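Note that the coordinates shown come from a computational prediction; the quantities given were computed from them, not determined experimentally. Order of the sequence lines sets the chain letters (A, B, ...), proteins ahead of strands, with each chain counted from 1. What you see below is based on every heavy atom in this structure, not just the backbone, and it leaves out hydrogens, waters and symmetry mates.
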Amino acid sequence: MSTDAPAVNPVVNHFIRTIIDNDLASGKHAAIQTRFPPEPNGYLHVGHAKAICLNFGLAQDYQGKCNLRMDDTNPEKEEDEYVNAIREDVSWLGFNWAGEVRYASDYFQQLYDFAEELIQKGLAFVCELNAEEMRAHRGDFVTPGKNSPYRERSIEENLDLFRRMKAGEFPDGSKTLRLKIDMASPNLNLRDPVIYRIRRAHHHRTGDAWCIYPMYDYTHCISDALEGITHSLCTLEFEAHRPLYDWVLDNISIGCHPQQIEFSRLELLSSITSKRKLNQLVTDGLVTGWDDPRMPTISGMRRRGYSPEGIRLFAQRCGISKSENIIEFSVLEGAVREELEASSPRVMAVLNPIKVTLTNFEPGVTGSRSAPFHPHHPEFGEREVPLAREIWIERDDFAEEPPKGWQRLFPGGEVRLRYSYVIKCDEVIKDAAGNVVELKCSLDPDTLGQNPVGRKVKGVIHWVSAEHAVEAEVRLYDRLFTEDRPDAIRGEDGQYLDFKQFINPASLTVVTGYIEPVVKDLPSEARYQFERLGYFVTDRVDHVAGEKIVFNRTVTLKDSWAKESK
RNA sequence: AGGGGAGUCGCCAAGUUGGUUAAGGCAUCGGAUUUUGAUUCCGACAUGCGAAGGUUCGAAUCCUUCUUCCCCUGCCA
């Protein structure tokens with residue numbers, strides 16, 4: 001096995017690739033241009049990761065380009081903090097956007113000019129209906145809407161009014177610019193949609209230069225066209241917006257008409273992929289922040305120890321289609337584990353210790369061996385694993401009364417200390433309350449690096465020398481929610497229950513761990529496997545090399561014994 | 001006068017100009033190897049493609065009817 005050859009994931013075909021193949025074959029496009037267009041009003045989550053991998057991945061595969069564009073047309077919700085987090089997340093995932101980061105707000109002037117063009121063509125009008133009146137005029141699913149009384153204004157009047165809207169002559173919310181399409185359309189998006197509203201809000205980039213802001217449907221298609229996007233990929237809920245996307249581009253003087261293609265958004269079980277709900281968890285203090293390792297945000301997953309490769313593998317395994325994409329959490333864990341298995345050095349750590357005294361340990365006589373950092377990758381190197389008279393082993397690795405199939409330590413039983421001797425439990429020491437506080441064991445001096453003769457010792461447990469171990473804060477993370485779909489549980493009255501009540505109380509347990517000394521000077525974000533326990537990472541925020549060791553549990557190892565012993 | 005999408009194994013998902021035994025991955029279950037109950041390796045896993053009819057030598061693919069689920073009534077994106 002070689003690690004220098006980059007892992008090449010086989011390309012999985014899907015309907016969007018088929019469309020691109022056809023467009024390239026027919027000569028419709030010479031190269032493709034995609035874009036990832038987040039709104040900077042929150043942190044990116046695992047659902048965005050899927051979209052990022054799709055858009056940037058396609059650009060990579062087809063040697064095209066992918067832009068990163070902030071969809072910042074709603075100044076009340078958008079902040080630079082989010083812009084910065086988004087840039088960092090996308091880069092960290094391993095993708096490069098073409099040129100500079102783009103902003104829909106870069107196009108405000110052009111958007112405005114196109115709006116005047118639409119007015120000139122008699123295709124847009126200034127409406128003075130308030131929100132409530134507009135809703136009443138819109139009709140509903142079964143009844144057609146009614147035309148706005150302002151719909152038939154003259155072009156001159158519309159132009160004058162729109163310019164004055166821009167000039168700040170009217171109060172917020174008093175007027176809108178609307179497209180003149182069809183109030184009877186069965187597609188509600190086509191019932192004279194609003195494309196500009198008056199809102200005196202400070203924009204994170206344009207400041208107070210504008211008091212009118214364009215709406216998504218109007219902005220997005222034009223932004224795509226201005227950037228020469230060939231394939232504009234978005235999630236299924238925008239399917240009904242596509243006629244509007246096309247309508248706008250068909251009615252303005254712009255020489256580019258990207259194709260909008262929708263795919264299903266990701267739903268991750270026992271998690272949540274709603275920016276609004278994730279925001280609630282943060283503001284209610286139920287997690288420590290957007291980057292809490294339990295959060296399905298990209299920054300949370302990063303802090304949890306998930307690798308970019310693991311997340312990319314996950315995205316690939318989710319697939320791209322138009323049917324519901326409801327993914328079991330184990331798919332994410334499996335992908336993360338798989339990448340970590342190959343790339344993480346191993347070390348031993350005891351998280352729930354019980355003291356073991358090796359009664360026949362002789363300083364200077366009893367030996368030790370060095371241990372490889374990875375059993376299958378000698379190039380990872382080795383380290384010395386110091387042994388001493390007193391060691392810690394995992395409490396779970398000892399049973400006073402071993403159940404059927406038990407391969408670990410028990411009174412009178414033998415077990416192998418990983419990379420060290422076979423030991424035998426001679427005596428169990430208990431405190432007054434009957435709790436086991438110490439085990440006295442003897443080691444077999446002939447078993448260092450070789451099997452005992454005449455008998456077979458199947459079990460192997462991890463351990464760490466008490467005097468050499470470094471203490472660390474270890475944060476054991478588990479799923480954030482106890483339910484598959486915490487936001488889809490109904491109470492007796494048929495109403496949805498608050499998803500926050502399904503937070504897993506065991507989603508975080510903090511313990512003091514005893515770890516091999518090599519771990520002492522690790523930098524932040526160092527990923528290690530603690531043998532037999534799982535993958536861990538030094539915390540990106542709180543870990544200080546050489547001073548305060550803090551590990552987060554990324555994911556446990558598969559544990560077929562746990563399953564069997566249930 | 002509603003519109004737009006989707007139903008292929010527990011979870012994803014190829015296949016859709018009709019043509020041999022319906023890819024693959026995850027999960028699961030066996031078994032082998034193992035100084036991680038990990039990894040790795042081998043094997044099993046849809047007489048069936050939402051349902052019922054029909055066309056055909058032949059249907060997941062075509063036709064008809066039915067059915068279930070998702071999205072849409074922000075001056076959010």
Side-chain angles (χ1 to χ4, degrees), chain A residues 1 10 12-14 37-39 41 71-74 76-78 127 129-131 134-135 138-145 172-178 184-191 193-199 213 215-217 219-220 234-243 262 264 269 275-276 314 316-335 337-338 341-342 346 348 371 374-376 405-408 416-420 422 447 449-451 457-462 529-534 556-565:
Chain A
M1 192 185 285
V12 178
N13 202 44
H14 52 69
E39 180 187 11
N41 67 342
D71 215 342
D72 57 350
T73 56
N74 185 358
E76 289 168 321
K77 292 184 175 176
E78 294 143 11
C127 184
L129 255 24
N130 63 32
M134 201 176 293
R135 196 176 315 122
R138 187 156 35 230
D140 58 32
F141 293 140
V142 288
T143 48
D172 285 7
S174 61
K175 291 181 175 50
T176 56
L177 183 69
R178 293 227 259 161
S185 172
N187 181 345
L188 268 36
N189 296 120
L190 263 22
R191 317 249 260 229
V194 171
I195 60 170
Y196 267 94
R197 75 280 213 186
I198 306 174
R199 192 111 321 161
Y213 290 96
M215 302 274 295
Y216 167 83
D217 284 307
T219 308
H220 203 86
C234 62
T235 43
L236 248 30
E237 66 269 26
F238 291 102
E239 220 152 11
H241 294 244
R242 188 174 356 117
E262 310 85 13
S264 50
L269 294 180
K275 259 194 216 174
R276 190 179 59 77
F314 168 69
Q316 187 184 55
R317 287 182 176 170
C318 288
I320 297 295
S321 72
K322 298 188 77 156
S323 45
E324 282 183 324
N325 201 226
I326 303 168
I327 306 292
E328 294 170 349
F329 201 77
S330 63
V331 177
L332 211 207
E333 291 181 323
R337 245 189 227 118
E338 187 168 314
E341 151 63 28
R346 278 113 231 250
M348 290 192 285
H374 195 296
H376 308 310
W406 186 256
Q407 296 175 10
R408 309 175 188 179
R416 158 79 64 184
L417 292 181
R418 176 79 160 154
Y419 295 126
S420 188
V422 168
T447 55
Q450 56 192 342
N451 286 325
V457 176
K458 174 103 168 131
V460 179
I461 64 172
H462 59 275
Q529 182 196 102
F530 291 172
E531 295 217 26
R532 303 210 307 135
L533 293 175
T556 59
L557 254 32
K558 274 193 211 162
D559 187 352
S560 54
W561 168 248
K563 213 176 296 171
E564 189 181 327
S565 55

Practice task
Would you sketch RNA chain B in dot-bracket for me? Only Watson-Crick or G-U wobble pairs with both distances under 3.5 Å count, crossing pairs as [ ], other-strand pairs as |, the rest as dots.
Solution key: .(((((((.[[[..)...(....]]].(((((.......))))).....[[[[[..)....]]]]])))))).....
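Remark: ring of A:Tyr216 not stacked against base of B:C76; the cut-offs of centroid gap under 5.5 Å and plane tilt under 30° are not jointly satisfied. Look at A:Trp561 and the base of B:G37; the rings stack, centres closer than 5.5 Å and planes less than 30° apart.
Taking 4.0 angstrom as the limit, A:Arg276 places none of its side-chain polar atoms (N or O) nearer than this to OP1 or OP2 of B:C76. Dashed line: the shortest gap from a side-chain N or O of A:Arg408 to OP1 or OP2 of B:U36 is not under 4.0 Å. A close approach under 4.0 Å does occur between a side-chain nitrogen or oxygen of A:Lys558 and OP1 or OP2 of B:U39. Phosphate proximity of B:A77 to A:Thr73: present, with a side-chain N or O under 4.0 Å from OP1 or OP2.
For A:Asp217, the side chain to side chain donor-acceptor pair (under 3.5 Å) criterion is met by A:His241, not counting sequence neighbours. Applying the side-chain contact (heavy atoms from CB on, under 4.5 Å) criterion to A:Lys77, with sequence neighbours excluded, gives A:Glu39, A:Asn41, A:Asn74. Residues passing the salt bridge (charged side-chain N to carboxylate O under 4.0 Å, His left out) test with A:Arg346, sequence neighbours excluded: A:Glu341. Shown here are the salt bridge (charged side-chain N to carboxylate O under 4.0 Å, His left out) partners of A:Arg242, two or more places apart in sequence or in another chain: A:Glu262. Listed by chain and number, the residues in a ring pair (Phe, Tyr, Trp, His ring centres under 6.0 Å) with A:Phe314 amount to none (sequence neighbours excluded). Under the rule for a salt bridge (charged side-chain N to carboxylate O under 4.0 Å, His left out), the partners of A:Glu237 that lie at least two apart in sequence or sit in another chain are A:Arg265. Applying the side chain to side chain donor-acceptor pair (under 3.5 Å) rule to A:Glu239 yields the partners A:Lys322; only residues at least two apart in sequence or on another chain are considered. Every residue two or more places apart in sequence or in another chain was checked for a salt bridge (charged side-chain N to carboxylate O under 4.0 Å, His left out) with A:Glu328, and none qualifies. For A:Arg408, the side chain to side chain donor-acceptor pair (under 3.5 Å) test picks out A:Asp397, with sequence neighbours left out.
Atom CZ in A:Phe238 sits about 15 Å away from atom C1' in B:C70, given to the nearest Å.
For the P atom pair drawn from B:G10 and B:G48, the interatomic distance equals 13 Å after rounding to whole Å.
Distance from the side chain of A:Arg138 is smallest for B:U73 among the nucleotides B:A13, B:A27, B:U73. Counting only heavy atoms from C-beta on, A:Ser323 has its side chain closest to B:G7 among B:C71, B:U36, B:G7.
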Could you write out each protein N or O paired with an N or O of nucleotides 41-46 of chain B at a distance under 3.5 Å?
none

Practice task
For nucleotides 30-35 of chain B, just jot down a letter per nucleotide in 5' to 3' order: B, S or -, based on protein non-hydrogen atoms under 4.0 Å.
Solution key: ----BB
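Donor-acceptor pairing under 3.5 Å, judged by distance alone, is present between the side chain of A:His376 and the base of B:U39.
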